[in-house]
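For reference, the structure is listed below as structure tokens.
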Amino acid sequence: MTWSDGVTESTRRPQTRPTQLPYVPPHLRNNCNDGAFSSMPTSLNDYAVNNANSYGFTSTTESTQAPLGRGGRGYGHRGRGGRGRFHQTQEQEQEPYNIASKLEELEVNVDDESTNFGAYEDIPVEVSGSEIPPPASSFEEIELGESLNRNIKRCKYVKPTPIQRHAIPIALAGRDLMACAQTGSGKTAAFCFPIIHAILELNRFSKPGRVAFPLALILSPTRELACQIYEEAKKFAYQTRVRVAVAYGGAPIVHQLHNLEKGVDILVATPGRLVDMIERAKVSLSMIRCLALDEADRMLDMGFEPQIRKIVQQMDMPPCGSRQTLFFSATFPDEIQRLASDFLSNYIFLSVGRVGSSTDLIAQRVEFVPNMDKRNHLMNLLRGQNANGTHGKHALTLIFVETKRGADALEHWLSVNGFPAIAIHGDKVQMERERALKSFKSGYTPILVATDVASRGLDVPHVAHVINFDLPKDIDDYVHRIGRTGRAGKSGLATAFFSDQNMPLAKALVELLQEANQEVPLWLNDYAKRASNIVGGGRARRFGGSKFGGYDFRRDAPYEIENDPYSSTYGSFDGTTSSYDLSHANSYAATGVDSYSTGSYGHEFSHETIVASGWD
DNA sequence: AAAAAAC
């Protein structure tokens with residue numbers, strides 16, 4: 001990145017055509033051969049088909065119907081007849097859902113060093129905007145510099161993930177970016193590497209002093225996520241002169257201030273504490289070269305947007321255009337994209353995987369469970385896990401509930417019933433929150449009951465099972481929640497308890513399951529159809545003509561762009577919706593068109609391992 | 001109607 005040249009001047013026309021090499025995620029590159037390669041998806045399929053029975057929770061509308069399709073790709077099989085026996089708790093007791101063996105079958109988080117074999121067959125990549133820098137295929141090719149490369153190796157990152165391959169060159173070129181990539185696919189590194197590289201290039205490090213002048217600011221919606229990003233960034237900046245600091249509420253401010261006084265290049269923060277520090281004149285944003293928002297859609301939603309606007313537009317931060325701005329998330333609803341463009345200048349829109357989609361590393365199940373039966377049903381699930389003795393460090397269970405009170409209540413109820421559970425939510429003091437998370441991570445209490453405080457970004461290895469005890473109202477929240485498992489190439493399981501009051505979510509849930517090649521229960525389909533007749537059912541988010549297109553909201557609203565007071569910030573973006581697959585890669589180079597997308601990366605084999613951590 | 005985020 002060439003901040004020293006001036007951020008806005010550093011954009012350049014791509015010199016070479018994008019190297020569209022076949023992509024295989026890092027975890028798939030270990031000792032691959034055709035036989036092993038095909039083993040995982042097969043077990044996934046078998047899993048879905050064979051367990052249609054033991055799962056078997058269906059509404060009366062399904063009764064004796066076989067489940068539709070299967071969990072894998074294609075619809076060649078039909079599950080054997082699932083019996084609708086959702087009132088028959090007796091039978092549940094006799095035939096508890098044997099989750100432990102299923103987790104083994106799925107090779108869920110068996111071992112950090114183990115690799116799972118499978119394929120991302122179709123990872124659509126869409127890039128739009130003007131003068132798009134081409135993606136890179138290796139870290140070496142990106143030339144991040146010796147010290148950073150050393151740290152990348154230390155972290156056992158061998159090959160960039162798709163989001164990294166595309167986002168890092170864009171960020172290095174100094175461009176603003178709105179990036180969407182699936183949970184657990186390596187977003188943290190995708191914005192940390194370019195930031196650290198740019199600071200090293202700038203070769204002007206912060207000095208100790210009463211007021212801190214960070215060069216880069218990374219914002220996070222929760223304290224725990226801020227901590228996690230901070231820890232990651234520190235690893236990446238190890239033995240460089242780049243200093244990283246963190247600022248978040250609920251912890252004594254003096255320690256954080258003390259650290260700031262030593263000099264800060266990269267500040268990771270939650271909004272409230274940051275504003276506090278700025279108002280105390282302990283931090284100045286006047287030197288900020290790069291602003292990165294993790295979970296950017298959350299940061300710009302109703303609850304957070306005023307604070308972000310204050311920090312970005314009403315403090316001493318350099319204005320849009322004279323700083324670089326990077327937005328990252330797994331989800332990016334249309335209306336939030338529109339809002340986000342206020343903070344961006346001539347930005348590039350990048351999506352790896354469909355926006356808001358989940359990864360197919362997560363096997364998703366939806367069961368109809370009336371509110372009254374939820375606890376009993378949960379008990380049966382957990383008993384199934386316990387029975388096989390694998391409910392330890394290698395199979396953590398994360399249970400999401402709707403309310404803070406509900407989290408406490410469920411924690412208590414589980415504890416009383418002999419399940420080692422602990423709760424985390426925003427009414428606990430920070431120390432309790434951190435203790436709960438630590439206790440969960442260590443496996444000391446392998447069950448964590450959480451509100452949405454834990455739904456985004458947190459990277460906890462060994463989370464094998466995410467249970468949506470209460471489903472969220474927003475499908476995007478669901479995507480983030482289940483994204484706590486199936487990270488960095490590991491597979492995972494997500495179970496949702498769907499009750500009558502989740503009707504509004506049915507349509508979006510069905511669409512998501514279909515996209516992720518998951519089995520859609522017939523009864524859920526019925527709910528979705530009924531719900532779609534009611535105004536407001538689902539979310540009008542996925543539209544657009546082309547198969548993968550319609551994600552960059554600028555494409556859907558060319559007129560608004562022309563009439564928009566900010567239209568100049570769009571540079572030469574012309575609202576075209578060109579779409580290119582591999583066979584058209586050449587035309588990209590020849591014409592310098594402003595967007596391209598790929599439908600498939602194909603497959604590739606190599607021999608590499610990767611260690612999970614801080615992937616979001 | 002809920003959750004998160006400063007003291």
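So that the names make sense, note that chain A is the first sequence line, chain B the second, and so on, each numbered from 1.
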Ring centroid separation for A:F236 and A:F193, is it under 6.0 angstrom? yes
Nearest-Å distance for atom pair CD/C1', residues A:Q430 and B:dA5: 11 Å
If only side-chain N and O atoms of A:T270 are considered, is one of them under 4.0 Å from the OP1 or OP2 phosphate oxygen of B:dA4? no
Rounded to whole Å, CG of A:L458 lies from C1' of B:dA4 at a distance of 12 Å
Please determine whether a side-chain nitrogen or oxygen atom of A:K473 lies at a distance below 4.0 Å from atom OP1 or OP2 of B:dA3. no
Side-chain N or O of A:R298 less than 4.0 angstrom from OP1 or OP2 on B:dA3? no
NZ of A:K404 versus C1' of B:dA3: gap in Å, rounded? 6 Å
Find the distance A:F469:CZ to B:dA2:C1' and express it as a whole number of Å. 16 Å
Could you give the CG-to-P distance, from A:L274 to B:dA6, as a whole number of Å? 9 Å
With a cut-off of less than 4.0 Å, is there a side-chain N or O of A:R433 near OP1 or OP2 of B:dA5? yes
Indicate, with a heavy-atom threshold strictly under 4.0 Å, whether A:V275 touches base, sugar-phosphate, or nothing. nothing
Using a 4.5 Å cut-off on heavy atoms from C-beta on, say whether the side chain of A:R280 contacts that of A:D276. yes
Quick check: do A:V460 and A:R484 have side-chain heavy atoms less than 4.5 Å from each other? no
For A:G426, report the nucleic acid contact type (base, sugar-phosphate, nothing); a contact means any heavy atom under 4.0 Å. sugar-phosphate
Does the side chain of A:T331 pick up a donor-acceptor pair with the side chain of A:D297 at under 3.5 Å? yes
Rounded to whole angstroms, how far apart are CE on A:M302 and C1' on B:dA4? 12 Å
